[in-house]
Amino acid sequence: MSAKVAQEIRLGDLFVREGLITEQQLKEGLAEAKTTGTRIGYALVKLGFVAEEELTRMLAKQYRVPAVDLDKVEVDEKVLKLVSAEVANKHMILPLRRVGRTLTVAMPNPTDFSAIDDLKFVTKLDIEPVIVGEYTLRKHLDEYYGSPEDDQIQELLEEWGEDDVEVLEEEEEEDYSALAAEVDSAPVVKFINGLLTDAVQKGVSDIHIEPYEKEIRVRYRIDGALQEVMKPPLKMKAALTSRVKILADLNIAERRVPQDGRIKLKMRNKVVDFRVSTLPVIFGEKIVLRILDKGNLTFDLKTFGFEPKAEKDFMWAIKRPYGMVLVTGPTGSGKTTTLYSALSQINTIDTNIMTAEDPVEFNLYGINQVLVRPAVGLTFATALKAFLRQDPNIIMLGEIRDLETGGIAIKAALTGHLVLSTLHTNDTPSTITRMIDMGLEPFNVASALNLLTAQRLARRICKHCKAEATYEPEYLEAAKIPMDWYEEHTLYKGEGCDQCDGSGYKGRCGIYEVMIMSPALRKAIMNEVGSDELRNIARDEGMLTLREDGMKKVQRGVTTLEELVKETSVAD
C-alpha cells in the first residue's frame with residue numbers, strides 16, 4: 001500500500017471518528033477517489049456526503065494550520081506569476097500572497113512535503129501553507145489559470161462569436177471524473193463549441209485534432225481534401241481531448257485503446273450528429289470527428305451527376321422486386337450516400353426495408369436500421385439471417401466482407417428480395433472477379449446481380465473563379481489523355497477566391513461506372529471470363545468507364561483534368 005493511499009484511509013477514519021461521515025460513506029468515497037484519481041476529501045464533497053466547510057474546519061484543527069476562504073481573497077497578478085499553471089495544477093496549490101521571503105499558498109493537504117519542496121525549488125522562497133477545500137480550490141485554479149492566453153485562440157473565439165450550442169445527450173455529472181469537472185468550467189468549452197459550429201458552417205466532413213511533441217494541429221476535410229486551420233496551444237491538449245470525450249460519452253481515464261462514440265448537438269435550430277473516433281498516438285490521442293449533417297444530405301439522384309443511360313439503368317435496377325445491386329469504390333467515395341438515396345426512392349408504406357450498417361451514419365424514417373456489433377456476435381451475416389425471418393422486401397448491407405455474408409445475400413436476392421450492398425473494389429468488372437474469388441458460385445453471381453456501380457467523388461470547380469485552363473503535352477501524355485480530345489474541348493479550373501478559400505474548388509460531383517446485367521454479361525460471368533473481357537462486353541452495350549464518365553464532366557466544365565487524373569486510373 002502506498003503512503004498516499006494509507007494517508008487517505010487515515011484521513012477517512014478521522015472523518016468517521018469526528019462523526020462527519022459513516023463507514024459506508026467512507027467506502028464509497030474511497031472507491032470514488034480511486035476511480036477518479038482525486039483525494040478523499042474531494043470525493044466526499046462531490047458525492048454530497050459532507051459540506052466542504054466542515055471538512056476544511058476539521059482539517060485545520062487537525063493540522064493546526066489556518067483555513068482560508070478563497071471567495072474573499074483577491075490574488076495579485078505578480079504573485080500568480082511566481083507559480084506556473086502546470087505546477088499549480090500538478091500540486092493543487094494556489095499562491096495567495098508574498099511577504100518578504102515567505103510565500104503563502106492554499107492547498108488541500110498541508111502535509112504534502114514533496115509539493116512544498118518543489119515550490120521552494122521553483123520560487124526560491126519559503127512556503128507557508130494554509131488549508132482550503134479541494135473542490136473550491138479547483139474552481140479558483142480555473143479562474144486564475146484556466147484562460148488560454150494564446151492570441152490565435154483569442155482571435156478565433158472572437159471571430160466565431162457566441163453560438164447557441166446545446167448538447168442533446170443526457171449527461172450525469174456524477175459519472176464524470178475530476179478532470180471532467182475542470183474541463184466543463186474552462187474556456188475549452190467555448191473553444192470546442194466554436195470549432196464544431198465553424199466546421200458545420202463551412203461544410204466540413206471531418207475534423208482532425210492531432211497531438212504532436214510540441215504542438216497540436218487541427219485540420220478540416222473539405223470536399224475530400226485536408227486543410228490545416230489552426231494550432232491551439234499545447235497546454236490545451238488534455239482539456240481538448242477530455243472535452244470531446246465527455247461530449248461523446250467516452251471514458252476519459254482510458255488513454256491506451258481506441259474508442260468510438262457519438263455527439264448530438266443542436267446548432268441554430270438544426271440537429272447535427274458527430275461520429276467520434278479516438279486513437280492513442282505517441283504524444284496523446286488523435287481525435288477524428290465525422291460530421292453527419294442531415295441538412296447537407298441530398299437524396300435526389302438527379303443531382304448526383306449520373307449520365308442519362310446510367311441513371312435510367314440504376315433506377316430500373318433499384319425498382320426491381322428482387323436481385324442484387326452493388327455499389328463499389330474506395331472509402332470516402334460516397335457509396336453509403338448513393339445507397340441511402342436509392343432507399344429513399346423505394347421507401348414506401350407498403351415495403352419493409354431493413355439495413356445492417358457499421359456504423360449507422362444517418363437515421364432514416366420508415367427504415368429499420370441495425371447497428372452491426374461484431375464484439376457481441378452481431379455480424380453482417382447474423383443480421384442478414386435474422387432479417388430473412390422478419391418478412392423483408394428490401395435489405396441493405398453496409399458491406400459484403402466474406403463468403404458467408406455474400407452467400408446469404410445472394411440466396412436472399414434469388415428468393416424474392418432486393419438486396420443493396422457495397423464492396424471495396426476499383427471498378428465494376430473487378431467486383432465480379434472479387435465475388436468469385438471469395439468462393440461464390442459464378443452461376444449464382446450471374447443470376448443474382450441486377451446492376452453494379454463503381455463511383456468516385458471529384459471536386460467541382462468554384463463557379464466564382466472559373467477560368468480556362470491549358471496543359472502541356474507532356475502532362476497529357478503522362479495522364480493518357482488523347483491529344484485530339486483535348487484540342488476539341490475547352491477545359492477549366494478555379495483560380496482561387498474568397499468563396500472557395502483559394503482552393504479553386506467548391507463542392508463535389510460523382511463519377512460513375514454503371515454496369516447493367518445483360519444476357520451476354522451473365523453468360524460471360526458463368527464462363528468465368530476475365531475482367532478485361534467483361535469490361536469490353538459492357539462498353540459494347542453502352543457502359544461508360546469511370547475515365548470516360550469523368551472526361552464528360554471535364555469537358556462540361558464541372559471538374560478539372562487534375563481531379564479526373566487523381567480519381568480515375570488509366571485502365572479505366
Side-chain angles (χ1 to χ4, degrees), residues 152 155-161 163 194-210 217-232 267-268 270 272 274 288-298 300 302-306 329-334 337-338 455-472 475-476 479 481 486 489-512 546 549-568:
Q152 179 196 12
E155 287 172 15
L156 281 168
L157 293 178
E158 288 169 14
E159 178 186 333
W160 288 339
D163 277 297
L195 179 69
L196 299 183
T197 305
D198 181 61
V200 170
Q201 288 172 350
K202 289 181 176 175
V204 173
S205 62
D206 301 86
I207 305 171
H208 292 240
I209 303 174
E210 302 163 319
R217 181 171 68 174
V218 178
R219 293 192 290 173
Y220 289 165
R221 187 178 292 279
I222 301 176
D223 296 333
L226 280 169
Q227 304 173 10
E228 184 179 301
V229 288
M230 70 189 80
K231 289 183 179 178
M267 297 178 170
R268 297 179 178 177
K270 178 172 71 170
V272 181
F274 298 82
V288 177
L289 298 100
R290 165 68 56 86
I291 300 176
L292 307 173
D293 184 358
K294 283 187 180 178
N296 289 340
L297 193 64
T298 174
D300 185 3
K302 295 185 184 299
T303 66
F304 279 27
F306 280 104
T331 301
S333 59
T337 303
T338 300
Q455 68 180 66
R456 302 288 188 276
L457 289 176
R459 291 183 289 176
R460 288 181 182 270
I461 299 171
C462 175
K463 295 177 182 177
H464 297 89
C465 59
K466 188 174 180 179
E468 288 189 20
T470 57
Y471 298 90
E472 296 297 326
Y475 178 85
L476 297 171
I481 300 295
Y486 170 70
H489 300 96
T490 303
L491 307 189
Y492 297 90
K493 65 166 59 174
E495 293 184 326
C497 64
D498 291 341
Q499 297 290 326
C500 60
D501 288 332
S503 68
Y505 297 99
K506 191 75 173 176
R508 287 191 285 181
C509 65
I511 299 175
Y512 300 94
L546 283 167
D549 187 82
M551 287 172 72
K552 284 184 173 291
K553 291 172 173 62
V554 170
Q555 71 189 45
R556 287 203 298 266
V558 177
T559 189
T560 63
L561 195 58
E562 288 88 349
E563 285 292 293
L564 172 71
V565 172
K566 184 177 76 172
E567 297 296 340
T568 65

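Along the sequence shown, residues are numbered consecutively beginning with 1. These numbers come from the heavy atoms of this one structure, side chains and all, not from hydrogens, waters or symmetry mates. What you see is a predicted model, and the numbers here were worked out from it, not measured in a lab.
Formation of a donor-acceptor pair under 3.5 Å by the Lys553 side chain with backbone atoms of Gly305 is found in this model. Between the side chain of Ser205 and the main chain of Arg221, a donor-acceptor pair closer than 3.5 Å is present. Thr568 places no side-chain N or O within donor-acceptor distance of the main-chain N or O of Leu546, the cut-off being under 3.5 Å. Here the side chain of Gln555 pairs no donor or acceptor atom with the backbone of Thr490 at under 3.5 angstrom. Under a 3.5 Å cut-off, the side chain of Lys506 and the backbone N or O of Ile461 do not form any donor-acceptor pair. At least one donor-acceptor pair under 3.5 Å links the side chain of Arg460 to the backbone N or O of Arg508. Without hydrogens or angle criteria, Ser503 side chain to Cys500 main chain gives a donor-acceptor distance under 3.5 Å. A donor-acceptor contact shorter than 3.5 Å links the side chain of Ser333 to the backbone of Pro330. Here the side chain of Gln455 pairs a donor or acceptor atom with the backbone of Gly334 at under 3.5 angstrom.
A pairwise comparison of heavy atoms in Val565 and Ala479 identifies CG2-CB, 3.6 Å as the closest pair. Smallest separation of non-hydrogen atoms from Asp549 and Gly510: OD2-O, 4.2 Å. Shown here for Ala458 and Ile511, the closest heavy-atom pair between the two residues is CB-CD1, 3.8 Å.
Residues Ile209 and Leu195 form a side-chain contact, since some pair of their non-hydrogen atoms from C-beta on lies under 4.5 Å apart. Between Asp198 and Val229, the closest side-chain pair of non-hydrogen atoms is not below 4.5 Å. When side chains are defined from C-beta on, Ile291 does not count as touching Asp206, because their heavy atoms never get closer than 4.5 Å. For the pair Leu457 and Cys509, the minimum side-chain heavy-atom distance is 4.5 Å or more. Counting only heavy atoms from C-beta outward, the side chains of Tyr220 and Asp501 never approach each other to under 4.5 Å. In this structure, Leu491 and Thr560 have side chains that are not in contact, with every pair of non-hydrogen atoms separated by 4.5 Å or more.
Residues passing the salt bridge (charged side-chain N to carboxylate O under 4.0 Å, His left out) test with Lys566 are Glu563, sequence neighbours excluded. Asp223 meets the side-chain hydrogen bond (donor to acceptor under 3.5 Å, both in side chains) test with no other residue; sequence neighbours excluded. Every ring pair (Phe, Tyr, Trp, His ring centres under 6.0 Å) that Phe306 has, sequence neighbours left out, goes to Phe314, Tyr512. Remark: Tyr505 engages no residue in a ring pair (Phe, Tyr, Trp, His ring centres under 6.0 Å) (not counting sequence neighbours). Partners of His489 according to the ring pair (Phe, Tyr, Trp, His ring centres under 6.0 Å) rule, which considers only residues two or more places apart in sequence or in another chain, are Trp485.
Taking CD from Gln201 and CE from Met267, the interatomic distance works out to 8.5 Å, rounded to the nearest 0.5 Å. One finds the CZ atom of Arg459 at 10.5 Å from the CD1 atom of Ile222 (value rounded to the nearest 0.5 Å). Atom CZ of Phe274 is separated from atom CG of Leu292 by 9.0 Å, given to the nearest 0.5 angstrom.
Electrostatic pairing of Arg219 and Glu228 does not count as a salt bridge here, judged by no charged N lying under 4.0 Å from a carboxylate O.
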- Task: Start with the C-alpha gap between Lys231 and Val218, add the side-chain angles, then the distance that decides, and say whether side chain to side chain contact (heavy atoms under 4.5 Å, CB included) holds.
- Result: CA-CA 6 Å; Lys231 289 183 179 178; Val218 178; over 6 Å; no
- Query: Taking it one step at a time, do Tyr492 and Thr559 satisfy side chain to side chain contact (heavy atoms under 4.5 Å, CB included)?
  - Reply: CA-CA 8 Å; Tyr492 297 90; Thr559 189; over 6 Å; no
Kindly list each side-chain donor-acceptor pair under 3.5 angstrom involving residues 464-472, sequence neighbours excluded, with atom names and distances?
{"from": "Lys466", "atom 1": "NZ", "to": "Gly557", "atom 2": "O", "distance (Å)": "3.0"}
{"from": "Tyr471", "atom 1": "OH", "to": "Glu562", "atom 2": "OE1", "distance (Å)": "2.9"}
{"from": "Tyr471", "atom 1": "OH", "to": "Glu562", "atom 2": "OE2", "distance (Å)": "3.4"}

